[in-house]
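Structure record follows, encoded as structure tokens.
All values below come from the heavy atoms of this structure, side chains included, with hydrogens, waters and symmetry mates left out. As the structure is a prediction and not an experimental result, all values here were calculated from the model. The first residue of the sequence shown is numbered 1, and numbering continues consecutively from there.
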Amino acid sequence: YKWVPLGLRFCLVLSVWFIVLPLLTAYNYQGWMYGPGTISSRMEWEFVFGDVVCGLMITATVVISFLALMSLAEHFRFNWQPQRHRLRQEQEEEQQQQQQQQQLL
């Protein structure tokens with residue numbers, strides 16, 4: 001019986017990520033695009049599967065876009081330094097070399 005809490009947690013996480021979140025996303029999109037009054041007309045069992053699929057696509061698009069933007073930001077952060085930072089680093093390196101030379105004398 002040790003696996004029951006883990007199994008219940010796994011089922012809860014799957015249901016939230018693959019049912020609740022897509023439905024809320026689809027209804028949010030429906031409300032923004034077509035007006036809040038259209039959400040209540042979509043809350044019928046015949047539309048649930050289509051709304052879940054639509055919500056999954058919207059959610060996946062948002063998550064992938066966020067990850068791509070974060071990856072691009074990290075790339076710029078580490079690989080695209082402005083010229084002034086390079087000059088400052090070169091000046092600091094020169095100062096360190098001068099200090100080392102003075103210590104040797």
Contacts of E74 meeting salt bridge (Lys or Arg N to Asp or Glu O under 4.0 Å) (sequence neighbours excluded), chain-then-number -> R77
Apart from L24 itself, its cluster of hydrophobic side chains linked below 4.5 Å comprises V20
The criterion is side-chain hydrogen bond (donor to acceptor under 3.5 Å, both in side chains); which residues satisfy it with W32, sequence neighbours excluded? N28
Which distance, rounded to the nearest 0.5 Å, do you find between the CD1 of I39 and the CD of Q30? 7.5 Å
Please check if the number of heavy atoms outside F47 that lie under 6.0 Å from its CZ is greater than 12. yes
Hydrophobic side-chain clustering at under 4.5 Å (ILVMFWY, transitive links): who's grouped with V16? Put none if nobody. L12
Hydrophobic cluster membership, with links at side-chain heavy-atom distances under 4.5 Å among I/L/V/M/F/W/Y: are Y29 and Y27 in one? no
Residue pairs, two or more places apart or on separate chains, that pass side-chain hydrogen bond (donor to acceptor under 3.5 Å, both in side chains) and touch residues 56-73: T25-T59
Residues pairing under salt bridge (charged side-chain N to carboxylate O under 4.0 Å, His left out) where one sits in residues 52-67, two or more places apart or in two chains, turn out to be none
Using atom types as modelled, flag every donor-acceptor pair under 3.5 Å from a side chain in residues 93-105 to any protein atom, sequence neighbours excluded.
none

Can you name the residues that form a side-chain contact (heavy atoms from CB on, under 4.5 Å) with M57, not counting sequence neighbours? V53
When you group the ILVMFWY residues by side-chain heavy-atom contacts below 4.5 Å and let the links chain together, are V62 and L67 in the same group? no
Joint hydrophobic cluster, L56 plus I19, side-chain heavy atoms closer than 4.5 Å: yes
Sequence neighbours excluded, every pair satisfying side-chain hydrogen bond (donor to acceptor under 3.5 Å, both in side chains) that has a member inside residues 39-48: R42-D51
Pairs touching residues 56-72 that satisfy salt bridge (charged side-chain N to carboxylate O under 4.0 Å, His left out), sequence neighbours left out: none
Would you please name every residue forming a side-chain contact (heavy atoms from CB on, under 4.5 Å) with L14, sequence neighbours left out? F10, F18
Linking I/L/V/M/F/W/Y whenever their side-chain heavy atoms sit closer than 4.5 Å, directly or via other members, would Y1 and L8 fall into one cluster? yes
Is M70 reachable from V63 through a run of I, L, V, M, F, W or Y residues, each pair having side-chain heavy atoms under 4.5 Å apart? yes
